[in-house]
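The structure appears below as structure tokens.
So that the names make sense, note that chain A is the first sequence line, chain B the second, and so on, each numbered from 1.
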Amino acid sequence: VSGDVVFPVLGAALFGLGFTALVGRRHLLWRIIAVNVMASGVSVLLLTLPGRGADGPDPVPQAMVLTGIVVMVAATGLALALAVRVVAAPDDAVDRGADDRRDDRQHERSHDRSDANAGDRTP
Amino acid sequence: VSAILLPFVILAPLLGATVAVASARAATAAGVATAAVMLLAVARLGFTVLADGTVTHAAGAWGAPLGIELRADGLAVLLLATTAVVGACVTLYSTVYFRPIFDHEQDRGLRFFWPLWLLLWSALNAVFVSSDLFNLYVCLELLTLPAVALVALDGSRSAVVAATRYLVLSLAGSLFFLLGVAIVYAGTGTLSLDLIPRANLDADSAALALALMSIGLAVKAALVPFHFWLPPAHAEAPAPGSAVLSALVVKAAFFILLRLWTQTFPHAFLAPGAVILGALGAVAALWGSLVALRQDSVKLVIAWSTVAQIGYLFLIFPLLRDAPGAAWSGSMYHLLSHALAKAALFLAAGSMIRALGSDDLSAIAGVGQKLPLTFATFGVAGLNLVGMPPSGGFIGKWLLLTAALSSGQWWWAVVIVIGSLLASAYVLRVLSAAFLQPRAVPLRQQPPWQMTGAALILALLSAVFGLWAEVPLALLGATAPELAP
């Protein structure tokens, strides 16, 4: 079987795998990883779908994948920062000084691991 | 000369954001200066496009296919202009919105709101003037990040949860879009929106790519059944943030969807796909309005109303083939006037929160006469949602009705009429709580004039947007799609 078939199938499978986890898993961290797996699938597809210019590697998809990686790193960073806040924030408290007291809450968090799932229960 | 304005409308807010990050003290001034400059630049660009047609600019003198080409046609200029007007009013409003009422409160606006809002503005403009698929993907992500951060600005648990859900779904939507981009590039070797139609992409690949990109963009535009992230996100954001999210950010995704269907893949026009999008839009228009009727806070009513009003926009797809002119102008007119009206409504809700500390329907009971301008704003902008003449909403709905009836698809017309009746019900429900119920509580504070003024300006603009229909219609007509039979 040639690489022209294997890699696109692999890319599509990664995308599908990530999507399945995104839909099926409730935990926030799972979902963030799922989106990253989807992104890997798209990258593989971008690089390996049989293109028109068959005479040598095409730089444009490589540039797109590089940019895509940068975008996903930034977005994943934001998602993880928000996930930390979901765990750290007290229930229903509108707290405008959240920054200053975050350390205390991180301390509290170690006593309450179940909080990590709480994001999904909130309507 | 005007071509240089294309990179300028992206870079100017970016510069403003940089200043706002560097110095919290200068942040408000940077926002106001950006707004003033944007109004002038977009007006100049608008007159040029109106007189001479589409303006293009190759960034760094690198043209397509390798470089990034920026382009403003009539549709892009209308969206840039609406963004500038809404943005200027939101900016005026925000100069005071975040100012603490009580001494111990911290002014989060200076630290976080201004950089995020100006970044968002830059990304919006970039979406509107982009002319290639990958650039659109990057701009969509640039748009998502500040939008998500604005939702989380409040720092409360519910806000952060809403922001996180918005971010994850939005990323997944972007990846569906990117998957479509990969298929298009593999089949055509180009990303340019102009070159793809001439590149003879085979019909199956085109249909698959268009379907994948449409799914991704429908998530970002909050089309039913992907709408569930929107109401909590738009209700949790601070009022100026809600205004730009509901008025502009979801429209950017719809704008790309429309460009793809009408300009980039006119030959791949999927009749079943168009009917599915139209049907989902119809469900959104009715279901969103019904849920809006059952909400207990003003911001949630407005947010669900956005779900409904977005639905109307998607009625363009099934009507595009038989009545392209009316469907195109009607949907776009609805989009623009809804942007003005929805921003006005969220800003008015913010004034209520400022005055009462809450936007619950129980909290606003009986305060109508104490906040006359704020509720006048709500009523006038509400007329637009209902579609009363001479509002822009009337023109939009009228054109969509015309398109539905002239193409013999009367069922869409029924949806439009019922949706309008439901809209009048949820608008009146808020107004009757404010004016007909007793138990007026004392106000914390009268909202400052910048807030009531900015909201009222937007509401009045949306209400009279139907009176000067020639200019927008001329700009829209120049970009109306020509679909292959």
Spacing of [X] atom [atom1] and [Y] atom [atom2] [to the nearest 0.5 Å]:
X: A:F19; Y: B:L179; atom1: CZ; atom2: CG; answer: 11.5 Å
X: A:L45; Y: B:L178; atom1: CG; atom2: CG; answer: 9.5 Å
X: A:D58; Y: B:Y185; atom1: CG; atom2: OH; answer: 3.5 Å

State whether the number of non-hydrogen atoms from other residues, nucleotides or ligands found under 6.0 Å of B:W229 atom CH2 is greater than 12. yes
Heavy-atom proximity to chain B below 4.5 Å, by part of A:V35: both
Which region of A:L22, side chain (C-beta onward) or backbone (N, CA, C, O), has a non-hydrogen atom less than 4.5 Å from a non-hydrogen atom of chain B, or is it both or neither? side chain
Between the side chain of B:R157 and the main-chain N/O of A:V86, is any donor-acceptor distance below 3.5 Å? yes
Got a sec, which residues hit salt bridge (charged side-chain N to carboxylate O under 4.0 Å, His left out) with B:D194, two or more places apart in sequence or on another chain? B:R71
Against chain A, label [X] side chain, backbone, both or neither, depending on which of its atoms sit under 4.5 Å from a heavy atom there.
X: B:L167; result: side chain
X: B:Y137; result: side chain
X: B:I183; result: both
X: B:V138; result: side chain

Residues that B:Y97 engages under ring-ring contact (aromatic ring centres under 6.0 Å, His included), provided they are two or more places apart: B:Y93
The ring-ring contact (aromatic ring centres under 6.0 Å, His included) partners of B:F226 (sequence neighbours excluded) come to none
Apply side chain to side chain contact (heavy atoms under 4.5 Å, CB included) to residues A:R31 and B:T164 and explain how you reach the verdict. CA-CA 10 Å; A:R31 294 179 143 187; B:T164 313; over 6 Å; no
Nearest heavy atoms of B:F176 and A:M38, plus distance in Å: CE1-CE, 4.0 Å
Using every non-hydrogen atom in the two residues, find where B:A186 and A:L49 come nearest and quote the distance to one decimal. CB-CB, 3.6 Å
Residues in residues 73-82 of chain A near chain B [non-hydrogen atoms, under 4.5 Å]: A:A74, A:A75, A:L78, A:A79, A:L82
